[in-house]
Novice: 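Let me give you the structure first, and then I'll get to my questions.
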Amino acid sequence: MAEEERAVERAHLEEREGRQVLVIRWNTGKTSAGRLFGRYGAGGRPDFFRLLFGALAGSLREKFGPQGEELFNKIRDSDEFKKSSKEMFDAIKEWFFNEQAPKYGLDKGDIFMIITEIELDINTGELRWRKDKTELYYWVRSDRCQQATAPKECKELAEENARLKQEVERLRSELSEIKAKLASLLK
């Protein structure tokens, strides 16, 4: 996955109806729902905004050089950016908690990463989230690994394991008897 990420261009400019749109492939990195959507960070803001602003500022610097920083400061202060970044936060949060968490059985403390595409209108500062270009990767906690197998399968496997243990003991006993007979014949 890391190799794939390095090969993918992180941001590119597109011309749309006379406007410049910066298309950014955004990767949240490994995080948890509490950190990404919760009340952490400076001033009680979720990490979502810190990560988003970092991705935007870095992409603007990458495409526009030193002017990218000035451009980001101008965009960040625009009303359209403030409104659309909050809407994007709410949409991704709803997608995560209402669609993804139930679908994959994600729980508190589970670690995941979201890779998505966002579009930034350079002129207005409006952000747009591309839900259709969004992927979720998650790591299953070791204390939940047993849950990955259905209960019926677990019971069947446990019974098979017990049967095989009995078979091994029977064969050990039989082998021991054969060795004893062999030893007595060789004397």
Side-chain angles (χ1 to χ4, degrees), residues 1-139 141:
M1 190 165 44
E3 195 63 36
E4 179 184 318
E5 278 297 307
R6 280 194 288 276
V8 173
E9 183 183 31
R10 189 172 81 157
H12 65 276
L13 273 172
E14 292 182 4
E15 194 73 28
R16 295 186 190 161
E17 301 168 5
R19 299 180 346 244
Q20 284 188 314
V21 175
L22 185 63
V23 180
I24 301 166
R25 184 142 171 93
W26 183 38
N27 180 339
T28 64
K30 282 183 170 180
T31 188
S32 67
R35 292 199 61 79
L36 190 64
F37 301 115
R39 294 281 175 199
Y40 295 95
R45 293 186 87 177
D47 278 353
F48 179 91
F49 292 102
R50 180 183 60 78
L51 295 169
L52 175 64
F53 289 8
L56 294 173
S59 296
L60 287 166
R61 273 194 305 272
E62 186 179 302
K63 291 297 171 191
F64 296 100
Q67 294 90 3
E69 186 111 15
E70 295 167 22
L71 191 55
F72 175 70
N73 290 332
K74 181 183 134 207
I75 289 170
R76 184 186 62 207
D77 294 335
S78 73
D79 290 335
E80 192 60 42
F81 177 78
K82 290 176 184 176
K83 178 183 167 212
S84 61
S85 64
K86 176 73 172 116
E87 287 171 354
M88 188 173 116
F89 171 76
D90 291 337
I92 293 177
K93 185 176 180 179
E94 180 182 335
W95 167 81
F96 179 81
F97 285 109
N98 294 341
E99 293 178 33
Q100 302 304 303
K103 180 179 180 179
Y104 297 111
L106 299 177
D107 202 1
K108 286 184 180 183
D110 285 346
I111 302 297
F112 62 88
M113 174 173 61
I114 297 172
I115 299 175
T116 190
E117 194 172 279
I118 53 177
E119 299 174 348
L120 173 65
D121 186 317
I122 302 294
N123 302 325
T124 65
E126 180 183 7
L127 276 174
R128 183 171 167 247
W129 172 48
R130 297 289 310 269
K131 181 179 177 179
D132 60 323
K133 301 248 179 153
T134 302
E135 303 168 61
L136 174 75
Y137 295 92
Y138 65 94
W139 286 260
R141 293 189 335 237

Novice: With sequence neighbours excluded, tell me which residues meet salt bridge (charged side-chain N to carboxylate O under 4.0 Å, His left out) with K30.
Specialist: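 K30: no salt bridge (charged side-chain N to carboxylate O under 4.0 Å, His left out) contacts found.
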Novice: Who are the ring-ring contact (aromatic ring centres under 6.0 Å, His included) partners of F112, not counting sequence neighbours?
Specialist: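 Checked F112 against ring-ring contact (aromatic ring centres under 6.0 Å, His included); matches are F96.
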Novice: How many angstroms lie between CD1 in I115 and OG1 in T28, if you round to the nearest 0.5 Å?
Specialist: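 If I round to the nearest 0.5 Å, the distance is 7.5 Å.
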Novice: Taking side chain as C-beta onward, heavy atoms only, is I92 less than 4.5 Å from L36?
Specialist: no
Novice: For N27 and I114: C-alpha separation, side-chain torsions, deciding distance, then whether side-chain contact (heavy atoms from CB on, under 4.5 Å) applies.
Specialist: CA-CA 6 Å; N27 180 339; I114 297 172; over 6 Å; no
Novice: Please name all residues satisfying ring-ring contact (aromatic ring centres under 6.0 Å, His included) with F48, sequence neighbours left out, ordered by chain then number.
Specialist: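 Checked F48 against ring-ring contact (aromatic ring centres under 6.0 Å, His included); matches are W26, F89.
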Novice: Give the intermediate values and the outcome of side-chain contact (heavy atoms from CB on, under 4.5 Å) for residues Y138 and D110.
Specialist: CA-CA 7 Å; Y138 65 94; D110 285 346; 6.0 Å; no
Novice: With rounding to the nearest 0.5 angstrom, report the CG to OG distance, L56 to S85.
Specialist: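 Here the rounded value is 9.0 Å.
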Novice: Which atoms form the tightest heavy-atom contact between G125 and S84, and what is the distance?
Specialist: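 Looks like O-OG, 3.8 Å.
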Novice: Could you go through F53 and F81, starting from their C-alpha distance and side-chain angles, then the distance that decides it, and tell me whether this counts as ring-ring contact (aromatic ring centres under 6.0 Å, His included)?
Specialist: CA-CA 11 Å; F53 289 8; F81 177 78; 5.6 Å; yes
Novice: Using the test salt bridge (charged side-chain N to carboxylate O under 4.0 Å, His left out), find all partners of E17 that sit at least two apart in sequence or belong to another chain.
Specialist: R19
Novice: Who passes side-chain contact (heavy atoms from CB on, under 4.5 Å) against K82, sequence neighbours left out?
Specialist: none
Novice: Should R35 and P46 count as side-chain neighbours, where that means a heavy-atom distance under 4.5 Å?
Specialist: no
Novice: How many angstroms lie between CZ in R130 and CD in E117, if you round to the nearest 0.5 Å?
Specialist: 5.5 Å
Novice: What distance separates Q20 CD from L71 CG, expressed to the nearest 0.5 Å?
Specialist: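 Going from CD on Q20 over to CG on L71, the span is 8.5 Å.
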Novice: Can you give me the closest heavy-atom contact between I24 and A11, atom names plus distance?
Specialist: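 Of all heavy-atom pairs spanning I24 and A11, the closest is CG1-CB, 4.1 Å.
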Novice: Who passes side-chain hydrogen bond (donor to acceptor under 3.5 Å, both in side chains) against T134, sequence neighbours left out?
Specialist: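 If we apply the side-chain hydrogen bond (donor to acceptor under 3.5 Å, both in side chains) test to T134, skipping adjacent residues, the hits are T116, W129.
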Novice: Tell me every residue that passes side-chain hydrogen bond (donor to acceptor under 3.5 Å, both in side chains) with E99, counting only those two or more places apart in sequence or in another chain.
Specialist: K131
Novice: Hey, does D90 have a side-chain heavy atom less than 4.5 Å from the side chain of E87?
Specialist: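 With C-beta onward as the side chain, the pair stays apart.
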Novice: Looking only at non-hydrogen atoms, find the nearest pair between V21 and E119 and report the distance.
Specialist: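 Closest heavy-atom pair between V21 and E119: CG1-CB, 3.8 Å.
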Novice: Return each pair, listed once, that meets salt bridge (Lys or Arg N to Asp or Glu O under 4.0 Å) where at least one residue sits in residues 67-80; pairs must be two or more places apart or across chains.
Specialist: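 Passing the test, one end in residues 67-80: R61-E69.
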Novice: Is there a side-chain contact (heavy atoms from CB on, under 4.5 Å) between S59 and R10 once you walk through the steps?
Specialist: CA-CA 7 Å; S59 296; R10 189 172 81 157; 3.8 Å; yes
Novice: Using side-chain hydrogen bond (donor to acceptor under 3.5 Å, both in side chains) as the criterion, list what pairs up with K83, not counting sequence neighbours.
Specialist: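 Counting only residues at least two positions away or on another chain, K83 forms no side-chain hydrogen bond (donor to acceptor under 3.5 Å, both in side chains).
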Novice: With L127 as reference, evaluate L22, I75, L120 under the side-chain contact (heavy atoms from CB on, under 4.5 Å) test and give the passing residue.
Specialist: L120
Novice: Any carboxylate oxygen within less than 4.0 angstrom of a Lys/Arg side-chain nitrogen, looking at E135 and R25?
Specialist: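 A salt bridge links E135 with R25.
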Novice: Using modelled atom types and a 3.5 Å cut-off, is there a donor and acceptor pairing between side-chain atoms of S32 and backbone atoms of I111?
Specialist: no
Novice: Name all residues meeting the side-chain contact (heavy atoms from CB on, under 4.5 Å) criterion together with F97; count only those two or more places apart in sequence or in a different chain, and write none if there are none.
Specialist: A33, F37, K93
Novice: Residues in side-chain hydrogen bond (donor to acceptor under 3.5 Å, both in side chains) with T31, at least two apart?
Specialist: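 So T31 forms no side-chain hydrogen bond (donor to acceptor under 3.5 Å, both in side chains) with any residue.
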Novice: For side-chain contact (heavy atoms from CB on, under 4.5 Å), just list the numbers for M113 and W139, CA-CA rounded to whole Å, side-chain angles, deciding distance to a tenth of an Å, and then say yes or no.
Specialist: CA-CA 9 Å; M113 174 173 61; W139 286 260; 4.0 Å; yes
Novice: With sequence neighbours left out, write down each residue that passes salt bridge (charged side-chain N to carboxylate O under 4.0 Å, His left out) with E14, or none if nothing qualifies.
Specialist: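 R16.
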